[in-house]
*Asks:* 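Pasting a structure here, questions to come.
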Amino acid sequence: MTKPAKDKLIIFDTTLRDGEQSPGVTLTGSEKVEIARQLSRLGVDVCEAGFPIASQGDFEAVERIAKEVGPLNLGRASGKPMVICGLARAVPADIQRAYDAIHHAPHHRIHTFLATSDIHLEHKLRITRDECVARAVAAVKFAKSLGCNDIEFSPEDAGRSDVDFLCRVLGEVIKAGATTLNIPDTVGYNTPEEYGSMIKHLVRNVPGGDNVTWSTHCHNDLGLATANTLAGIVNGARQVEVTINGIGERAGNTSLEEIVMAIYTHPSTYPVHTTIDTYQIYHTSQLVTKKTGMPIQPNKAIVGANAFAHESGIHQDGVLKHKQTYEIIEPAVVGIPSNVLVLGKHSGRNALRSRLTQLTKDTVYEDVLKRNAAVFERLFVAFKKLADTKKKGVTDTDLYALLDDQMNASDSGFETFVFKACQVVSTSGVLATATITLVDKTVSPRATSITSLSASEPEDQNGTTPTETDANPGVERCDAAIGHGPVHAIFNAINRIIERTNVLASYEVKAVTEGSDALGRVLVRIQEAAPTPTSSSSPTADAPPPRFHDPVDSTANLPYEQQAETFQGQGTDEDILVASAKAYVNAVNKMVDAQARRAKSGTKDVNGTDGAPASRKVDV
């Protein structure tokens, strides 16, 4: 007796939309494109690239992904490019904006949503059920009128909606042209039994349900997102909405790696298969972690640091005798690199290039190394420097860290400031002193004075200002400052050089590998400080405001900071003080780049009569 053919499970990744809604996460356009490229290599079927109406930056990032990543087909087992999707409320302006961003991709989708639970209809939207149906139908019809034939509709808070009303709404949007129906457990309320039963009921009872793809979107507020999603698959869902590492609003979303490996490990349990390249999972996970700054808990399934660690003597003995005694997945299957020591201070360019070729095969790193020879040369210099300090050799993890450090600069957009040198004097009981040297690329060495780039300066045909070129070596600028510790002093000195008033929102440091000689990775998040107010009643009203804001006083001007945009930077070095300086400069470059883009794009109104969303964060 032959087994029935398994259905293809569509992997819909929303890391760049719902995942970016994680508190504290802000990705630049370049970082989003890099992650999207890796999602394509991973084998993701649909990439929800963002919420284009939210801001000009979001629109540009989604548009870039549609243009640059949308056509890619390299290494994809499915044999066709990834679908690029944009999210839109059930509002014409949102839908038009989403289409304008995503239509450049060969395969594109509009994902529109409207709440259907009585609690949302009454207290948030303040509309009746009939009005809800009318709005949902109108939204789908408008999307179809634009020429988009791939339309997804989500009844927000479906998990708490009346199931009979859901059948009515979904039946009508199918008639209007919806091709995918996504059933969100928006607040993570359902249990697997409830959610699976709901999917089964909808698949069987919605008119026209046989002609659409049913999708799951589960949140992890009760820790049930993966279980609920698997229950949805068993009961008829053939698309799952997931994120890398399970990141997302509040407690996060269903984890891509958990769903994929559950199906991989239980081939006879689930009636579906995926075209995900499991060997890309770990690398994709690490890339998202590094770009978002969202750490992975050590005991996280599949990709956590302890996922394949064994401390119990009984477990260690069993694994040594036969790995399957305590390992249901081979680490290599998800792409976890070995820590075999292969390179040292005597290794040359060819040895390094050969190892990098093995490590970066079919990843975004491979593209960068092939495209830009200068990256390898800078990497080789950093490698030799590290090899001289590590007596036990340079591990694969070290090499990944060095690669990330080289790529971080380009992720920030144009490198306005380049870190060059750092000298710190710090002793117990005395204020620390830091001397920092940066290269300022806003001017050329021929300039008679140092001036900042202006958004009004003339541009060349490539959209860059005359000084904004890689050929410009820039001008070295050096300054010193004191602080309550070496890191404080470093950040104060950098603030003096760049003449900006930044506030440090957070600071994290972590060893990349084990051992006292491990590379250190520093992550910082900064915000531009609010202007210091003055008052005529103040005894110091005539005094000028301080030129530089204390970069570690993250409690100053709190109301402003709650609304301020946060910029994240990373730096890696064997010296954590140098890594701290690199991270801070990286964040500053992202801030400068974002401000320049805003000034260049102006304040064009794209929101229509319903206005822009009060927040770029939405629950679906």
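Heavy atoms only: backbone and side chains are in, while hydrogens, waters and symmetry mates are out. For clarity, every value in this text was computed on a predicted model and none was experimentally measured.
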*Asks:* Can you give the donor-acceptor pairs under 3.5 Å from side chains of residues 381-390 to other protein atoms, not counting sequence neighbours?
*Replies:*
{"unit_1": "K384", "atom_1": "NZ", "unit_2": "K345", "atom_2": "O", "d": "2.6"}
{"unit_1": "K384", "atom_1": "NZ", "unit_2": "S347", "atom_2": "O", "d": "3.1"}
{"unit_1": "T389", "atom_1": "OG1", "unit_2": "L386", "atom_2": "O", "d": "2.8"}
{"unit_1": "K390", "atom_1": "NZ", "unit_2": "D398", "atom_2": "OD1", "d": "3.4"}
{"unit_1": "K390", "atom_1": "NZ", "unit_2": "D398", "atom_2": "OD2", "d": "2.8"}

*Asks:* For F567, is the NZ or CZ atom of R525 found under 6.0 angstrom from the centre of its six-membered ring and inside 45 degrees of the ring axis?
*Replies:*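 No; the conditions do not both hold, so R525 does not lie above the ring face of F567.
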
*Asks:* Do R64 and E60 sit within salt-bridge range, that is, some charged N less than 4.0 Å from a carboxylate O?
*Replies:*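 Looking at R64 and E60, the cut-off is not met.
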
*Asks:* State which residues pass side chain to side chain contact (heavy atoms under 4.5 Å, CB included) with Q595; sequence neighbours excluded, sorted by chain then number.
*Replies:*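 Counting only residues at least two positions away or on another chain, Q595 forms a side chain to side chain contact (heavy atoms under 4.5 Å, CB included) with R500, E528, M591, R598.
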
*Asks:* Should R521 and D573 count as an ion pair when the cut-off is N to O under 4.0 Å?
*Replies:*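 The answer is no: the pair does not qualify as a salt bridge.
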
*Asks:* What do the steps show when you test K420 against D440 for salt bridge (charged side-chain N to carboxylate O under 4.0 Å, His left out), and what is the final call?
*Replies:* CA-CA 10 Å; K420 185 172 183 183; D440 183 350; over 6 Å; no

*Asks:* Answer yes or no on whether R349 is positioned over the face of F380, meaning its NZ or CZ is under 6.0 Å from the six-membered ring centre and within 45° of the axis.
*Replies:*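 Yes, a cation-pi geometry.
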
*Asks:* Mind checking the CD1-CD1 spacing from I244 to I35? Nearest 0.5 Å is all I need.
*Replies:* 9.0 Å

*Asks:* Can you find a side-chain donor-acceptor pair between Q38 and E34 that sits under 3.5 Å?
*Replies:* no

*Asks:* Looking only at side-chain N and O atoms, does T360 offer a donor or acceptor that is under 3.5 Å from a partner on Y400?
*Replies:*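 There is no such pair (donor and acceptor under 3.5 Å, judged by atom type) between the side chains of Y400 and T360.
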
*Asks:* Test of understanding: with ring-ring contact (aromatic ring centres under 6.0 Å, His included), list the residues that count as partners of H219, not counting sequence neighbours.
*Replies:* H217

*Asks:* Relative to each other, are the rings of Y584 and F491 parallel, tilted or perpendicular (30° and 60° limits)?
*Replies:*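 Correct class here is parallel.
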
*Asks:* When you check the side-chain N and O atoms of D593 and T28, is any donor under 3.5 Å from an acceptor?
*Replies:* no

*Asks:* Excluding sequence neighbours, so at least two apart, what forms side chain to side chain contact (heavy atoms under 4.5 Å, CB included) with N220?
*Replies:*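 A225, A251.
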
*Asks:* Test of understanding: with side-chain hydrogen bond (donor to acceptor under 3.5 Å, both in side chains), list the residues that count as partners of T14, not counting sequence neighbours.
*Replies:*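 With neighbours one apart ignored, the set is E48.
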
*Asks:* Given side chains that start at C-beta, do those of Y365 and L356 come closer than 4.5 Å, heavy atoms only?
*Replies:*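 A side-chain contact under 4.5 Å is absent here.
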
*Asks:* Mark yes when over 12 heavy atoms from residues, nucleotides or ligands other than L431 sit less than 6.0 Å from its CG; otherwise mark no.
*Replies:* yes

*Asks:* Using side-chain heavy atoms (C-beta onward) and a distance below 4.5 Å, is K582 in contact with T572?
*Replies:* no

*Asks:* Can you check whether I436 reaches I490 side chain to side chain, under 4.5 Å on heavy atoms?
*Replies:*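 They are in contact (side-chain heavy atoms under 4.5 Å apart), so the answer is yes.
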
*Asks:* State, yes or no, whether a side-chain contact exists between C85 and F12 at a heavy-atom distance under 4.5 Å.
*Replies:*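 Yes, their side chains come closer than 4.5 Å.
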
*Asks:* Return yes if a side-chain donor-acceptor contact under 3.5 Å exists between Q406 and R378, otherwise no.
*Replies:*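 There is such a pair between these side chains.
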
*Asks:* Applying side-chain hydrogen bond (donor to acceptor under 3.5 Å, both in side chains), name anything that partners E257, two or more places apart in sequence or on another chain.
*Replies:* S255, K300

